[in-house]
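What you see below is based on every heavy atom in this structure, not just the backbone, and it leaves out hydrogens, waters and symmetry mates.
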Amino acid sequence: MIFSRGFSRLPRNSFNGLLCRCLLSNRPDPNQFFVSKAYSQSLGDSTQKILGCREFWSSGLPTFPGSLTSRHQIHHQISSIVEEPQDPFSLVSDELSLIADRLRAMVVAKVPKLASAAEYLFKMGVEGKRFRPTVLLLMSTALNGRIPETPTQHEPPTRLEDAFPTELRARQQCIAEVTEMIHVASLLHDDVLDDADTRRGVGSLNSVMGNKLAVLAGDFLLSRACVALASLRNTEVVSLLSTVVEHLVTGETMQMTTAADQCCSMEYYIEKTYYKTASLISNSCKAVAILAGHTTEVAMLAFDYGKNLGLAFQLIDDVLDFTGTSASLGKGSLSDIRHGIITAPILFAMEEFPQLRAVVEQGFDNPANVEIALDYLGKSNGIQRARELARKHASLAAEAIESLPESADEDVLRSRRALLDLTHIVVTRTK
């Protein structure tokens, strides 16, 4: 098969060490969300009961002063406190379990069919990696200070809310819950649009219960997310997360209605990827900083981390669509190109083989065109260059963490180390 012959020649790039150094001497413009600096460089080189979220008030939260006029370096401090890398997910495992329980309680519906559909991807065993809640909980600690004490086994909390009792932490947990509901809702809708058969290693909801119920389940999750978000009573945070939903729709529409010249544009691809993937995690990171009362500069550093981590994550997803297997991905491989979706590996291959553009513009309804494109990809450096672009975005994410105000708090440093470790995990993952 052409695909197999082409990829047998492709070496797998490895990510060398923890991303603790800055690529660039200047901070990115906060308003330039879409044109990738990393890519430019690569070219040159009931509410309370149902929600589990309490009603929150935005007043009275502390501000955290911190000058960003000088470069803050934290990796030496981190090394002195945390000698060995830790699994970032294990640092917040107790809270992840708490949030998982809350999410299952939050998606309960009166209509049995809707309840079964809404909880489909929240069931134990199919919750996924819970990547976004992990990032947000770690970011919360990286900005806040000490992690709240977890009750011992001998003194279990009387309520779930008592496990992590501080008001600020509870508000930030609510952001993690809202973010996960928005994310899962987008997956349900995407699977309908893509006519997907599998998700997270099981049958997709649309294939099990039908398209109509899958769409309604996604809408139901978005409505629950909106009610939870409103309980925070912070208009800036509500605006941020509401904009994310708009971005998800915009990104999906851009993908569905791409003109011939747009589908061959890396800038268009990066903009669409920001809307579809990076906006959710970047604006959620910014939201937890805002809830903690941080300055605009610190909130933008949190945003920059989430944006670049999200872009790196999607770039590797697009690589794995070509190099992974259906079993490892939990969904079909070669899904994007078979649906006519052009991603970074093909775009880079097109730069090396301009004749590939004619094939892309013809579309991929003809399986022969898929084979031709894969053959060109196998002969090009498209996979390697997409991985390199992901590494550059991961490095920009690490730069944002390094630039946070200095802290001597062990929990803060440990969480910042974990956020740096996540940049490594994202670009070296195989599924």
Run the side-chain hydrogen bond (donor to acceptor under 3.5 Å, both in side chains) test on R169 and T141 for me, step by step, so that the C-alpha distance in whole Å, both residues' side-chain angles and the decisive distance to 0.1 Å come before the verdict. CA-CA 9 Å; R169 191 68 174 196; T141 305; 2.8 Å; yes
Begin from the C-alpha positions of S279 and E246 and carry the test side-chain contact (heavy atoms from CB on, under 4.5 Å) through to its verdict. CA-CA 10 Å; S279 174; E246 177 191 342; over 6 Å; no
Evaluate Y274 against H247 for ring pair (Phe, Tyr, Trp, His ring centres under 6.0 Å), listing each step before the verdict. CA-CA 8 Å; Y274 169 76; H247 286 173; 5.7 Å; yes
Tell me, with the steps shown, if H183 and S186 meet side-chain contact (heavy atoms from CB on, under 4.5 Å). CA-CA 5 Å; H183 172 58; S186 73; 4.2 Å; yes
Derivation and outcome, side-chain contact (heavy atoms from CB on, under 4.5 Å), residues N369 and I372: CA-CA 5 Å; N369 281 354; I372 293 169; 4.1 Å; yes
For C285 and L136, run side-chain contact (heavy atoms from CB on, under 4.5 Å): C-alpha distance rounded to whole Å, both residues' side-chain angles, the deciding distance at 0.1 Å, then the answer. CA-CA 6 Å; C285 284; L136 294 173; 3.9 Å; yes
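No donor-acceptor distance shorter than 3.5 angstrom exists from the side chain of N206 to the backbone of A214, with no hydrogens or angles considered. Side chain of S265 to main chain of Q262: no donor-acceptor pair is present (N/O by atom type, distance under 3.5 Å, no hydrogens or angles). At least one donor-acceptor pair under 3.5 Å links the side chain of N144 to the backbone N or O of S140. Under the 3.5 Å distance criterion, the side-chain polar atoms of S223 are matched with a main-chain donor or acceptor of F220. Side-chain atoms of R385 do not come within 3.5 Å of backbone N or O of P345 as any donor-acceptor pair. Side-chain N or O atoms of S242 include none that pairs as donor or acceptor with a backbone N or O of S239 at under 3.5 Å. Side-chain atoms of T179 come within 3.5 Å of backbone N or O of I175 as a donor-acceptor pair. The backbone N or O of F89 lies less than 3.5 Å from no partner atom in the side chain of S93, so there is not a single donor-acceptor pair. A distance-only check finds a donor-acceptor pair linking the side chain of D409 to the backbone of V412 [under 3.5 Å].
At a threshold of 4.5 Å between non-hydrogen side-chain atoms, the residues I99 and L137 count as touching. Between V135 and I281 there is a side-chain heavy-atom pair separated by less than 4.5 Å. Using a 4.5 Å cut-off on side-chain heavy atoms (C-beta onward), V360 and C263 make contact. H339 has its side chain out of reach of F364: every pair of non-hydrogen atoms, C-beta onward, lies at least 4.5 Å apart. Counting only heavy atoms from C-beta outward, the side chains of R171 and N234 approach each other to under 4.5 Å. Between E388 and R391 there is a side-chain heavy-atom pair separated by less than 4.5 Å. Counting heavy atoms from C-beta on, the side chains of L347 and Y269 come closer than 4.5 Å. In this structure, T277 and L280 have side chains that are not in contact, with every pair of non-hydrogen atoms separated by 4.5 Å or more.
Q173 CD to L96 CG: the interatomic distance, rounded to the nearest 0.5 Å, is 10.0 Å. Taken from CG in L356 to CD in E361, the straight-line distance is 10.0 Å, to the nearest 0.5 Å. Of the inter-residue distances, the one linking K307 atom NZ with L396 atom CG reads 8.0 Å to the nearest 0.5 angstrom. The line from CE of M181 to CG of L229 is 9.0 Å long, rounded to the nearest 0.5 Å. Distance CD1/I346 to CZ/F322: 4.0 Å, rounded to 0.5 Å. Distance check: L205 CG to H189 NE2 gives 10.0 Å after rounding to the nearest 0.5 Å.
The closest side-chain donor-acceptor pair between N308 and E399, if any, does not fall under 3.5 angstrom. One side chain, D318 or Q314, offers a donor N or O that lies under 3.5 Å from an acceptor on the other. Side chain to side chain, S207 and S204 meet the donor-acceptor criterion of an N or O pair below 3.5 Å.
Minimum interatomic distance between A390 and V427 (heavy atoms only, all atoms of both residues): O-CG1, 3.8 Å. Residues R387 and I316 approach most closely at NH1-CD1, 4.3 Å, considering heavy atoms. Listed here is the closest heavy atom pair of L138 and P88: CD1-CB, 3.9 Å. For A289 against A299, the heavy-atom pair with the smallest separation is CB-CA, 3.8 Å. Y376 approaches Q355 most closely through the heavy-atom pair OH-CG, 3.1 Å. The minimum heavy-atom distance linking G382 with L377 is given by the pair CA-CD1, 4.1 Å.
F313 carries R429 over the face of its six-membered ring, with the cationic atom under 6.0 Å from the centre and within 45° of the normal.
A salt bridge does not link K379 with E352: every distance from a Lys NZ or Arg NE/NH1/NH2 to an Asp or Glu carboxylate oxygen is 4.0 Å or more. Ion pairing of E180 with R132 is absent here, as no side-chain N (NZ or NE/NH1/NH2) approaches a carboxylate O to less than 4.0 Å.
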